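So the structure is just underneath, and the comments pick up after that.
Predicted model, so just to flag it, every value in this text is computed and none were measured.
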Amino acid sequence: MAAAPTPPVTLVIFGATGDLTRRLLVPAIINLTQSGLVGDDLHILGVGIEPGDDAMLVARLDSFLSELDDGGAHRKSEGWQRLRERISYIAGDFTKDDIFIQIKTRLATASSGNAAFYLAVPPQFFGTLVEKLAEHGLTTEGDGSFRRIAIEKPFGTDLASARALNARILSRVAESQVYRLDHFLGKETVQNILTARFANMMIEALWNNNYIDHVQITAAEVVDVGSRGKFYDATGALRDMVPNHLFQLLAMIAMEAPNGFGAEAIRTEKSKALSALRISTPDEATTHAVRGAYTAGAVDGNSVTAFRETKDVSPDSKTETFVALKLYVDTWRWAGVPFYLRTGKAMTARDTEIVVTFRQVPFAQFRETGIKRSLPPNKMVIQVQPDEGLSIELSIKSPGLSVDTVPVSLDFRYADKFDIGKMTGYESLLYDLFIGDQTLFQRADGIEAGWAAVQPFLDAWAKSGEVPEPYAPASMGPACADDLIRRDGRQWHELGVSIHNQAKGIK
Ligand code: BG6
């Protein structure tokens with residue numbers, strides 16, 4: 001079914017001269033305009049602290065677009081030529097009332113009463129902004145028009161702050177007006193997890209603890225902390241990636257079948273899965289989690305400064321740039337199946353993947369054959385990025401007179417089948433924001449359930465005061481991560497080696 005164009009709307013972006021707006025939001029809107037999903041009735045009203053007028057913002061965006069690594073495609077596009085005519089700007093301090101009075105005046109003259117407020121600002125402003133918008137009557141929906149608020153991550157820094165922020169926001173606006181973003185949900189492969197599971201009997205039928213041994217969820221990055229030292233030292237790998245991005249992947253793997261593909265049905269099942277995450281005891285919190293911080297070295301020929309020597313990072317920082325966890329989802333379906341999660345910076349390869357390892361077949365019947373050891377378990381690898389796709393690893397008989405097996409993999413790569421073009425990942429999120437579909441956005445209870453599951457780890461580390469274990473850049477992370485999984489007689493899936501490449505012998 002082809003997607004219908006969005007209704008008329010004014011997109012009010014707080015933080016309009018910032019990185020997110022120029023790198024992702026505007027290119028995504030250009031892509032939506034190009035594909036006809038967003039029409040000339042979308043207006044952008046930028047708000048920012050930098051002095052300037054409409055022409056300044058347009059000129060700014062124009063020059064950012066020319067720096068994109070797309071051969072000038074976005075800047076030269078017809079979509080941008082049309083969109084630039086509909087961009088305006090208000091400069092000022094958005095903790096003061098004046099800005100909101102100006103926004104109100106602009107919206108009053110807009111062709112429709114619909115507005116989406118996008119908070120692309122540091123998180124300490126989220127609560128204040130929502131309050132100010134509400135105080136000025138800007139969140140009041142009337143005459144069939146909508147008022148929505150899109151909030152970027154991080155949503156809270158621990159369970160208490162996430163709860164407090166939800167309470168503050170929901171005392172002013174309804175949950176149906178709040179769109180909490182997690183950009184992983186904009187990725188095609190992530191959205192495909194539900195279809196892969198629920199549109200395929202042969203996958204869903206095996207999707208439980210009778211057949212699955214364990215699940216690994218990895219988000220490995222080659223980039224280091226770079227210029228984000230201040231933010232990262234206060235945040236760390238766990239807060240930055242786990243309760244949001246990795247838990248979104250986990251929820252899609254672990255959730256029960258929704259009653260339908262509507263937003264509430266899906267969000268309810270995801271929240272149920274997240275609230276079934278076992279809350280680790282203080283002992284488990286120390287044994288089921290390990291941390292690392294990268295030292296000096298190089299990744300892909302680029303030198304890497306040790307995390308603790310990075311600009312704006314304290315030299316005796318105890319912040320982790322790598323974390324690995326073992327978690328359990330305490331439902332009937334997943335009882336006893338460990339979920340191993342890991343994420344880190346400056347690692348050997350960029351690789352976001354979910355590996356579902358099935359139980360081993362009984363070996364007895366092969367004893368008399370040439371197969372001397374146990375058979376490798378089947379695996380399903382959902383390759384989120386790069387090289388988006390899905391593979392299933394099986395054992396088959398190797399040709400010949402004796403019975404012997406070789407592992408083979410059935411591979412599907414998006415790029416082989418579809419032209420997925422150069423999407424930013426924000427297209428579907430913005431489109432859904434405009435049409436009012438909250439499926440790809442996080443609900444308050446899901447966010448709080450995620451924080452509740454990581455809180456014991458934060459508490460354990462704060463109490464122990466231990467320094468994360470060093471690891472070399474371009475590695476698979478610290479040795480303690482291998483120990484975490486090896487103790488259970490398992491091992492991590494090798495990074496950067498998709499099954500597709502493995503089969504071809506390419507690294
Ligand atoms: C962000 C984190 O939310 O996600 C970053 O703050 C991280 O530290 C990024 O690099 C990863 O996103 P992606 O889409 O590049 O995998």
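- Asp437 is not listed as a side-chain neighbour of Tyr431, based on a closest heavy-atom distance of 4.5 Å or more.
- When the options Glu448, Glu269, Glu264 are evaluated for a salt bridge (charged side-chain N to carboxylate O under 4.0 Å, His left out) with Arg443, the one that passes is Glu264.
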Open item on the list: Does His214 form a ring pair (Phe, Tyr, Trp, His ring centres under 6.0 Å) with Phe339? I'd like the steps, not just the answer.
Closed with: CA-CA 6 Å; His214 75 282; Phe339 283 69; 9.5 Å; no
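- Shown here for Thr321 and Tyr471, the closest heavy-atom pair between the two residues is OG1-OH, 2.8 Å.
- There is no side-chain donor-acceptor pair under 3.5 Å between Asn192 and Arg197.
- Atom CG of Leu429 is separated from atom OG1 of Thr439 by 11.0 Å, given to the nearest 0.5 angstrom.
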TODO: Check the pair Lys272, Glu256 against salt bridge (Lys or Arg N to Asp or Glu O under 4.0 Å), reporting the backbone distance first and the verdict last.
DONE: CA-CA 8 Å; Lys272 276 166 63 185; Glu256 294 301 318; over 6 Å; no
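- Under 3.5 Å, the side chains of Gln455 and Asp459 contain a donor-acceptor pair of N or O atoms.
- Side chain of Trp492 to main chain of Met476: no donor-acceptor pair is present (N/O by atom type, distance under 3.5 Å, no hydrogens or angles).
- Judged by distance alone, the side chains of Thr218 and Arg342 do bring a donor and an acceptor atom under 3.5 Å apart.
- To the nearest 0.5 Å, atom CG of residue Leu410 and atom OG of residue Ser391 are 8.5 Å apart.
- Panel note: side chain Ser35, backbone Asn31; a donor-acceptor pair is recorded below 3.5 Å.
- With hydrogens and angles left out, the side-chain atoms of Ser314 and Asp316 include a donor and acceptor closer than 3.5 Å.
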- [ ] Let me see the working for Glu67 and Arg23 under salt bridge (Lys or Arg N to Asp or Glu O under 4.0 Å), right down to the final yes or no.
- [x] CA-CA 10 Å; Glu67 287 164 19; Arg23 258 188 333 106; over 6 Å; no
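- The side-chain heavy atoms of Glu353 and Ile382, taken from C-beta on, include no pair separated by under 4.5 Å.
- Distance check, rounded to the nearest 0.5 Å: CD of Gln385 to CZ of Phe184 gives 5.5 Å.
- Side chains of Gln442 and Tyr179: a donor-acceptor N/O pair is absent below 3.5 angstrom, by distance only.
- Looking only at side-chain heavy atoms (C-beta outward), Leu181 and Ile151 stay at 4.5 Å or farther from each other.
- The main-chain N or O of Ala220 is never found under 3.5 Å from a side-chain atom of Asp351 such that the two would form a donor-acceptor pair.
- Judged by distance alone, with hydrogens and angles left aside, the side-chain atoms of Thr310 form no donor-acceptor pair with the main-chain N or O of Val313 at under 3.5 Å.
- Side-chain contact, Tyr340 with Asp488: a donor N or O sits under 3.5 Å from an acceptor N or O.
- Between Glu427 atom CD and Asp432 atom CG the span is 11.5 Å, to the nearest 0.5 Å.
- With hydrogens and angles disregarded, a donor-acceptor distance shorter than 3.5 Å links the side chain of Ser317 to the backbone of Thr319.
- Under the 3.5 Å distance criterion, the side-chain polar atoms of Trp334 are left unmatched by any main-chain donor or acceptor of Tyr328.
- In summary, of the residues considered (Glu469, Glu466, Glu320), a salt bridge (charged side-chain N to carboxylate O under 4.0 Å, His left out) with Arg291 occurs for Glu320 alone.
- In the model, Ser398 has no side-chain atom that pairs as donor or acceptor with a side-chain atom of Asp404 under 3.5 Å.
- In the model, Thr189 has no side-chain atom that pairs as donor or acceptor with a side-chain atom of Glu388 under 3.5 Å.
- If you take CD1 on Ile30 and OG1 on Thr424, they are separated by 10.0 Å, rounding to the nearest 0.5 Å.
- Scanning all heavy atoms of the two residues, the minimum distance from Trp451 to Phe155 falls at NE1-O, 3.0 Å.
- Note that the CD atom of Gln216 and the OG1 atom of Thr357 stand 5.5 Å from one another [nearest 0.5 Å].
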TODO: Decide yes or no on side-chain hydrogen bond (donor to acceptor under 3.5 Å, both in side chains) for Thr281 and Asp283, but give the supporting numbers first.
DONE: CA-CA 5 Å; Thr281 62; Asp283 272 357; 5.5 Å; no
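- The side chain to side chain contact (heavy atoms under 4.5 Å, CB included) test with Val355 is passed by exactly one of Met380, Gln383, His493: His493.
- There is a side-chain donor-acceptor pair under 3.5 Å between Lys270 and Gln248.
- The shortest side-chain heavy-atom distance between Leu65 and Arg22 does not fall under the 4.5 Å cut-off.
- In this structure, Asp233 contributes its side chain and Gly229 its backbone to no donor-acceptor pair below 3.5 Å.
- A side-chain donor from one of Ser428 and Gln191 sits under 3.5 Å from a side-chain acceptor of the other.
- Qualifying salt bridge (Lys or Arg N to Asp or Glu O under 4.0 Å) partners for Arg359, counting only residues two or more places apart in sequence or in other chains: none.
- Within the 3.5 Å criterion, the main-chain N or O of Gly72 finds a donor-acceptor partner in the side chain of Asp70.
- With hydrogens and angles ignored, the 3.5 Å screen pairs no side-chain donor or acceptor of Lys153 with any backbone N or O of Gly156.
- The main-chain N or O of Ala472 is found under 3.5 Å from a side-chain atom of Ser475 such that the two form a donor-acceptor pair.
- The nearest pair of heavy atoms linking Val222 to Met347 is CG1-O, 3.3 Å.
- Closest approach of Ala289 and Leu484 over heavy atoms only: N-CD1, 4.1 Å.
- Counting only heavy atoms from C-beta outward, the side chains of Phe247 and Val454 approach each other to under 4.5 Å.
- The two atoms that bring Val121 and Phe126 nearest to each other are O-CE2, 3.3 Å, heavy atoms only.
- For the pair Leu390/Val381, no side-chain contact is recorded, criterion being any heavy-atom separation below 4.5 Å from C-beta on.
- Among residues two or more places apart in sequence or in another chain, the side-chain hydrogen bond (donor to acceptor under 3.5 Å, both in side chains) test is passed with Asp330 by Arg278.
- Residue pairs that meet the salt bridge (charged side-chain N to carboxylate O under 4.0 Å, His left out) test with at least one member in residues 205-230, sequence neighbours left out, are Asp213-Arg490, Glu221-Lys345.
- Thr235 and Asp240 are not linked by any side-chain donor-acceptor pair at a separation below 3.5 angstrom, with hydrogens and angles left out of the test.
- Looking at heavy atoms from C-beta onward, Asp182 lies in side-chain contact with His245 at the 4.5 angstrom threshold.
- Note: Phe307 and Tyr232 have perpendicular aromatic rings, judged against thresholds of 30 and 60 degrees for the angle between ring planes.
- With contacts defined as side-chain heavy-atom distances shorter than 4.5 Å, the pair Ile212/Leu206 does not qualify.
- Residues Val304 and Thr295 share a closest heavy-atom pair of CG1-O, 4.2 Å.
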